[in-house]
Each structure stands twice: as C-alpha cells, then as structure tokens.
2 protein chains.
Amino acid sequence: MKTLKIPEATIMRLSVYSRYLSEIDRKGIITISSGDIAEGVGVSPAQVRKDLAYFGEFGIRGVGYNVKDLHRHILKILGLSEGWNLALIGIGNLGLALSTYRGFKDRGFNITCIFDNNPEKVGMVINGIEVLHTDKIEEIIPQRKTQIAAITVPADAAQDVADKLVKAGIKAILNFAPVVLNVPPEIELRNVDLAVNLEVLTFNLGGRMA
Amino acid sequence: MKTLKIPEATIMRLSVYSRYLSEIDRKGIITISSGDIAEGVGVSPAQVRKDLAYFGEFGIRGVGYNVKDLHRHILKILGLSEGWNLALIGIGNLGLALSTYRGFKDRGFNITCIFDNNPEKVGMVINGIEVLHTDKIEEIIPQRKTQIAAITVPADAAQDVADKLVKAGIKAILNFAPVVLNVPPEIELRNVDLAVNLEVLTFNLGGRMA
DNA sequence: TAGATTGTTAATCGATTAACAATC
DNA sequence: TAGATTGTTAATCGATTAACAATC
C-alpha cells in the first residue's frame with residue numbers, strides 16, 4: 001500500500017460524500033457520476049475524483065459509480081466498517097446533546113461511558129448509561145475498550161481530564177473545550193471550537209460591511 | 001486598504017490567539033513575543049507574525065507585542081469590538097447547549113430569539129427568552145435586528161429553516177445540521193459537522209492500526 | 001553597542017483545478 | 001461507433017516555512 005500523504009480536507013470531504021451517498025441510496029438510485037456528487041455536496045467534479053483516486057479506482061469510465069458500492073468503500077476508508085466505542089467527559093448541556101446525537105449512533109459510534117466530576121450528576125442514568133466520577137476514568141476506559149473520548153468540560157478542567165484519558169490509554173480525543181490541550185503525539189486530537197466558527201462569520205460580515 | 005485575500009485558516013488562528021491573549025492578560029503579563037504565542041497555541045512563530053502581518057504592524061522589533069494592545073487589535077479585526085445579535089433555530093439538546101454556552105456571551109454574542117416548530121416547546125422560556133414558532137422567523141428576525149442564526153434542527157428541516165432565514169434578511173448562518181444547505185452567495189454560511197470531526201479521528205486511527 | 005524580535009521576502013510545500021487520454 | 005465519464009497528469013493557485021534585514 002502506498003503511503004501517500006492524504007490531505008485532511010480530503011478526509012472531511014469523504015465523510016460528507018458518504019452521507020450524501022446514503023441519502024442517494026435511500027432514494028433507490030443505482031449509479032452516480034462525480035458531477036452529480038459534486039453538485040450535491042458543493043465541490044468540483046475533479047475534486048471528487050481526485051479525493052477518491054487517493055484510495056483506488058471505484059468507478060467505471062463512461063458510466064460512473066455504483067452508489068452502494070462506493071458508499072461501502074468510503075465507509076471502509078474512514079474506518080467505519082466496524083463500530084467504535086466512545087466516552088463522554090462532562091455532562092453539561094453540550095455533553096447531553098452529544099449523548100443523544102443521532103449522527104453518532106447512525107455512523108456506528110457507541111457511547112460506552114459518561115463521566116462528570118459534579119457529585120450531583122454522578123449516579124444519574126442517561127440513555128441507560130450511569131454517569132461516573134472522573135476519578136474512575138483510568139479504571140473504566142480500558143475495561144470498556146473505549147478508544148475515543150469527547151471532552152465537553154469547562155476550559156479550566158479540560159487539561160486535567162485529558163491527562164487522565166491519556167493515562168487510561170485513550171487513542172483519540174475530540175475536544176470541545178476552548179483551550180489548547182497538551183497530549184503526547186501518538187494521541188489523535190481534534191478541536192471543535194464553536195466560537196472560532198462564529199468569529200469567521202463575523203470577520204466576513206465585517207469585511208463586507210466596513 | 002489593500003484587499004489582499006486572507007486565508008480562512010488565518011482567521012481561525014486569530015480567534016485562537018485572541019482567546020490565548022485574554023488568558024495571558026488575566027495573568028497580568030504586559031508583553032509577549034510571537035514565539036510565546038506560538039508555543040501557547042501550538043503553531044510556529046513565523047505563522048503568528050505572518051497572520052498578523054496581513055492586518056498591520058502591531059509589535060515592536062526587539063521587544064514583542066503589548067498584550068492588551070494586540071488583543072484589542074485582533075478583536076477589532078474579527079469584528080468583535082461591538083456585539084452581535086444571534087438567533088437559535090431548534091431547541092433540542094444542542095440548541096439548549098448553545099443557548100447557555102459561555103463562550104458566546106463572553107465574546108459579545110447576544111442571543112435575541114429562539115425558534116422551534118414543536119408546539120410543546122413554543123412558549124417555553126429559556127434564559128429569559130420565549131421560544132417562538134418557526135413561522136415567526138420572518139417577522140421577528142428583522143424586528144430584533146438579528147444578523148446571525150445558528151441552525152440546530154434535524155437535517156430534513158434545515159433547508160426549510162434556511163429559506164425562512166434568508167427571507168428574513170439574515171446575514172450569516174452557522175449550520176449544525178448534517179446536510180448541505182443552499183443559500184444565496186451573499187449569505188455567509190459555515191457548517192459545523194460533529195460526525196465529520198469524529199470520522200477524521202477514526203480515519204487516522206485506522207491508518208495507524210491497520 | 002549587543003541582543004532580541006519584528007516584519008517581510010523568497011523558497012518550499014501542498015492542495016486544487018484544468019485538461020485529456022483511457023475506456024466503458 | 002459516438003457519447004459519456006473516469007483516472008491521472010500537468011498547471012495553477014495558495015498557504016506555510018525559513019531566512020534575514022530592519023530596528024528597538
């Protein structure tokens with residue numbers, strides 16, 4: 001297998017393509033062209049073909065792609081052909097939102113445990129999962145074979161939580177706290193910062209209005 | 001003013017720098033170098049200086065940047081020196097999370113109205129704001145001088161909501177529904193897709209483990 | 001003056017787009 | 001065969017990094 005560097009932007013688009021393909025598949029459509037996909041998700045046809053070309057040849061020249069087939073291939077590429085176990089740390093409103101987010105379950109993410117350090121929340125049961133104290137992270141994460149954690153605690157508690165998760169042997173962290181986390185390089189880390197996204201909007205508005 | 005194209009990545013980093021600067025400022029630190037900022041947020045010093053250079057000269061050679069001063073400049077650049085009014089559409093768990101998200105209020109975002117199409121939710125009061133039916137969008141958005149909307153409704157309702165918002169004269173949309181929205185080009189649109197972010201993680205894990 | 005750090009230019013690196021031969 | 005659409009290469013575009021003169 002060639003170890004060509006894949007742009008992260010390509011991976012994000014593949015995720016979008018796959019969701020579009022599942023929609024198309026539900027409509028009973030059998031075959032689709034790169035141009036159709038491009039139009040459906042708002043990129044160029046060349047981009048669609050280039051993104052796919054990193055991973056193989058999935059289409060038929062002159063014809064297009066088989067929808068089910070391509071969908072399956074992309075899910076495989078994204079590592080979604082088997083499920084993943086997910087831990088939630090911090091069960092405020094955002095944690096609660098993630099715990100019920102359909103998009104996760106639909107894509108094969110299975111929430112195995114929920115942690116919080118607020119004694120009033122510990123012991124609550126959310127979707128059949130008991131909320132545990134964050135002190136239990138190191139014990140429970142390996143027990144429940146959980147590879148990914150989403151952090152939704154306040155900014156000043158996030159690094160401490162991250163440290164516990166690393167000790168517990170977590171493989172990847174999705175961080176919603178607006179703070180830069182320090183983790184060893186072998187841990188996959190992504191930050192989702194809601195304010196950053198709003199501020200790109202205000203910058204763009206400012207430019208047009210000023 | 002030169003109309004040099006500014007990379008979007010630069011804007012996102014400026015948002016991160018500004019949050020870091022406010023933290024540094026709280027600690028009472030007066031002066032900071034590009035190297036310190038770089039280390040604090042995890043980028044290179046050259047990147048920090050380049051990002052700032054798009055907008056002017058804010059530092060003193062041989063010395064560094066005045067923390068308060070630079071912070072103020074960046075907020076101005078991001079359009080955050082005055083506040084913005086924000087509408088929330090869809091008051092499920094994610095909408096609820098946004099309605100109480102400290103990061104928004106802290107950065108000058110003021111939630112003016114909340115909409116939902118569920119009759120059981122219409123009339124509820126959340127943080128002093130009455131939930132209105134989505135049919136009222138066109139009437140209320142202009143009344144309350146609201147320029148930005150966050151969409152947190154299910155995927156199949158999102159385009160309809162977006163159409164209403166456009167008719168209501170909204171300027172920018174932050175879309176959390178996992179669907180590609182069609183809006184006129186003059187509307188600023190950003191998508192925050194939680195599943196996409198998780199799937200970049202699973203792709204990276206897959207690559208290492210396979 | 002010597003040391004430090006900026007602002008900026010040039011070099012590098014990476015991603016997107018355009019074009020087209022291959023082929024169904 | 002003629003028309004369509006892929007896979008891939010080359011050209012373009014854009015962003016990051018390295019280096020250093022300017023200057024405090």
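We name chains A, B, ... by the order of the sequence lines, and we start the count at 1 in each one.
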Taking only the side-chain heavy atoms of [X] (C-beta and beyond), determine which of [options] contains the nearest atom.
X	options	answer
A:Ala53	D:dT6, D:dT8, D:dC24	D:dT8
A:Gln47	D:dT17, C:dT16, D:dT6	C:dT16
A:Ala46	C:dT16, C:dA18, D:dT6	C:dA18
B:Ser33	D:dT5, C:dT5, C:dT8	C:dT5
A:Tyr54	C:dT16, D:dG7, D:dC24	C:dT16

For D:dT17, what is the paired nucleotide under Watson-Crick or G-U wobble rules, both distances under 3.5 Å? C:dA10

With both distances kept under 3.5 Å, what pairs with D:dT23, Watson-Crick or G-U wobble?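 C:dA4 - that is the nucleotide pairing with D:dT23, both distances being under 3.5 Å.
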
Result for 5'-nearest mapping on DNA chain C, choosing between A:Val63 and A:Asp51, is A:Asp51

For B:Tyr65 and for A:Ala9, locate the closest nucleotide of DNA chain C by heavy-atom distance; then report the residue assigned to the nucleotide nearer the 5' terminus.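 Whichever sits nearer the 5' end wins; that is B:Tyr65.
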
Could you tell me how far apart [X] ([atom1]) and [N] ([atom2]) are, to the nearest whole angstrom?
X	N	atom1	atom2	result
A:Ile32	D:dT5	CD1	P	12 Å
B:Ile37	C:dT5	CD1	P	12 Å
B:Leu52	C:dT8	CG	P	11 Å
A:Lys5	D:dA15	NZ	C1'	14 Å
B:Phe58	C:dG7	CZ	C1'	12 Å
A:Glu8	D:dA15	CD	P	16 Å
A:Arg61	C:dC24	CZ	C1'	9 Å
B:Ile60	C:dG3	CD1	C1'	16 Å

Find the distance between [atom1] ([X]) and [atom2] ([Y]) and round it off to the nearest 0.5 Å.
X	Y	atom1	atom2	value
B:Asp163	B:Leu181	CG	CG	9.0 Å
A:Leu189	A:Asn182	CG	CG	9.5 Å
B:Tyr101	B:Leu96	OH	CG	15.5 Å

Short side-chain N/O contact from [X] to OP1 or OP2 of [N], under 4.0 Å:
X	N	result
B:Arg13	D:dA15	no
A:Ser34	D:dT5	no
A:Ser44	C:dT17	yes

Does B:Tyr17 form a ring pair (Phe, Tyr, Trp, His ring centres under 6.0 Å) with B:Tyr20? I'd like the steps, not just the answer. CA-CA 5 Å; B:Tyr17 301 161; B:Tyr20 184 67; 8.8 Å; no

Should the pair B:Phe58 and B:His73 be assigned to parallel (<30°), tilted (30 to 60°) or perpendicular (>60°) ring geometry?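 Taking B:His73 first and then B:Phe58, their aromatic rings sit tilted (interplane angle of 30° to 60°).
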
Map A:Lys50 and A:Gly64 onto DNA chain D by nearest heavy atom, then report which one ends up closer to the 5' terminus. A:Gly64

Decide side-chain contact (heavy atoms from CB on, under 4.5 Å) for B:Ile32 and B:Ile24; before the verdict, give the C-alpha distance in whole Å, the side-chain angles of both, and the deciding distance to 0.1 Å. CA-CA 9 Å; B:Ile32 194 167; B:Ile24 290 298; 4.2 Å; yes

Kindly say whether, by distance alone, the side chain of A:Arg49 makes a donor-acceptor pair under 3.5 Å with the base of D:dG7? yes

